[in-house]
Structures are given as structure tokens and as C-alpha cells.
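Read through the structure below, which is laid out as C-alpha cells, and then see the notes.
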Amino acid sequence: MLVREVMSRDVVTVDVEASLRDAAAVMLSNDVGSAVVTVDDAPAGIVTEYDMTWAGYRADRPFSEIPVRKVASRPLKTIAPGATLHRAADRMQRQNVKRLVVADGTELEGIVTMTDLVHHHSEFLQAARELDAKRDERTTD
């Protein structure tokens, strides 16, 4: 199974010069837990609910006074739309992230989250079983 089959295509973005309050408003209105941070409309980082909570606590200032650029996680962790879900899960584990931005070069295509992988777990397992069966057929012939 491929990332493009399970990713969310409607990616919420926020400009690098926005405040955390602006980012929170966009995330809340779209009911998402993160926003891709853009520079000149190109993906450059990501800001999550956790990033916001930590920044607000650490800075002890209103979100309207904290710029997204100070909080965004960089470098952006990405994956190609044609990558397998196995590769996405492995990358999330190795990089200790819950989201990967799906990009084709610098073109933002979507986002895949740990939740997406869980929701498609049974399909993912079925695809893995089918690949194993094909491999077994080749080795027994």
C-alpha cells in the first residue's frame, strides 16, 4: 500500500511570519493538530499542538507575541507519495515523529499521520501478506 492512497490531501498551511495565534486559529478552524509552515508558499517546517503548548509554556507570553518561525520543527520530515506505508511507518519511528509531509520534490502533496496508518492497519497487513505470498511463490518455483 502506498502513502498516496491514505494521505490527507487538504493540508493546512501557515506562513512562517504568522504568529502562533494565527496558526492556532487555522488549525482549530480546520480541526487538525498541525500546520505546515511555508516560506514563499514552499513547505519549510511544521508546527504542532505540542510545539505550541511547549512554546507558550516556555515563553510565558501570549500566542499572538510568538512567531511561528521560532517554534516550527525543522528540517521538515517528508516522504514521497509513492513510498510504501511500511517505509512511512519506519521513517516515523526512526525520526520520532507522528506526521510526515508528503512532497514530490518541493511540491506539497499531502500529509500522512500515525492515525492514517492506524486507520488503514488492516489493509496494510493484507498488502504485506499478499507480498509475502508472492515472494513465497517465487522461491518455491
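Everything numeric in this text was worked out from a predicted model, so none of it was measured. Numbers here are sequence positions counted from 1.
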(request) Might you point out which heavy atoms bring Val3 and Ala80 nearest each other, and give the distance in Å? (result) CB-O, 3.9 Å
(request) Locate the shortest heavy-atom distance separating Val112 from Val102; write the atom from each residue and the value. (result) N-CG2, 3.9 Å
(message) Nearest 0.5 Å, please: how far is CZ in Arg58 from OG1 in Thr53?
(response) 12.0 Å
(message) So, taking the atom named CD1 in Ile79 and the one named CG in Leu2, what distance separates them when rounded to the nearest 0.5 Å?
(response) 10.0 Å
(request) Hey, could you give me the CG/NZ distance between Leu100 and Lys77, rounded to the nearest 0.5 Å? (result) 9.5 Å
(message) On a heavy-atom basis, which atom in Gly56 and which in Phe63 lie closest, and how many Å separate them?
(response) CA-CE1, 3.7 Å
(request) In plain terms, say whether Arg9 and Glu109 are close enough for a salt bridge, that is, a side-chain N and a carboxylate O under 4.0 Å apart. (result) no
(message) For a quick test of reading the model, state the closest non-hydrogen atom pair linking Ala55 to Leu20 and the distance between them.
(response) CB-CD1, 4.0 Å
(request) Please confirm whether the backbone N or O of Val32 pairs with a side-chain atom of Asn30, one donor and one acceptor, at under 3.5 Å? (result) no
(request) Could you tell me the separation between the CD atom of Gln93 and the NZ atom of Lys98, rounded to the nearest 0.5 Å? (result) 14.0 Å
(message) Could you tell me if Ser34 and Arg99 have a donor-acceptor pair between their side chains, going purely by distance under 3.5 Å?
(response) yes
(request) Verify the neighbour count for atom CZ of Arg91: are there more than 12 heavy atoms of other residues, nucleotides or ligands below 6.0 Å? (result) yes
(request) Answer with yes or no whether the hydrophobic clustering places Val36 together with Met92; edges join I, L, V, M, F, W, Y residues whose side-chain heavy atoms lie under 4.5 Å apart. (result) no
(message) Looking at every non-hydrogen atom in both residues, tell me the closest pair between Met52 and Met27 and how far apart they are.
(response) CE-SD, 3.7 Å
(message) If you define the side chain from C-beta out and look only at heavy atoms, does anything of Asp116 sit under 4.5 Å from Ser8?
(response) yes
(message) With a sphere of 6.0 Å drawn around CD of Gln95, does it hold more than 12 non-hydrogen atoms of other residues, nucleotides or ligands?
(response) yes
(message) In the structure I gave you, are the side-chain heavy atoms of Thr113 and Val118 within less than 4.5 Å of one another anywhere?
(response) no
(message) Membership question, hydrophobic clusters at under 4.5 Å side-chain separation (ILVMFWY): are Val97 and Ile111 in the same one?
(response) no
(message) For the backbone of Arg87 and the side chain of Asp90, can you confirm whether one donor and one acceptor N or O come within less than 3.5 Å of each other?
(response) no
(message) With clusters defined by side-chain heavy atoms of hydrophobic residues (ILVMFWY) lying less than 4.5 Å apart, directly or transitively, does Val37 cluster with Val11?
(response) no
(request) For the pair Ser73 and Val47, evaluate side-chain contact (heavy atoms from CB on, under 4.5 Å) and give the outcome as yes or no after the intermediate values. (result) CA-CA 6 Å; Ser73 297; Val47 63; over 6 Å; no
(request) Search all heavy atoms of Ser64 against all heavy atoms of Ser19 and return the closest pair with its distance. (result) O-CB, 3.7 Å
(message) Please report the interatomic distance CG(Leu117) to NE2(His86), rounded to the nearest 0.5 Å.
(response) 11.0 Å
(request) Nearest 0.5 Å please: distance from the CG atom of Asp41 over to the OG1 atom of Thr13. (result) 7.5 Å
(request) Treat each ILVMFWY residue as a node, draw an edge where side-chain heavy atoms are under 4.5 Å apart, and state whether Val26 and Val16 are in one component. (result) yes
(message) If hydrophobic clusters are built by linking Ile, Leu, Val, Met, Phe, Trp and Tyr wherever their side-chain heavy atoms come under 4.5 Å apart, do Val101 and Met114 end up in the same one?
(response) no
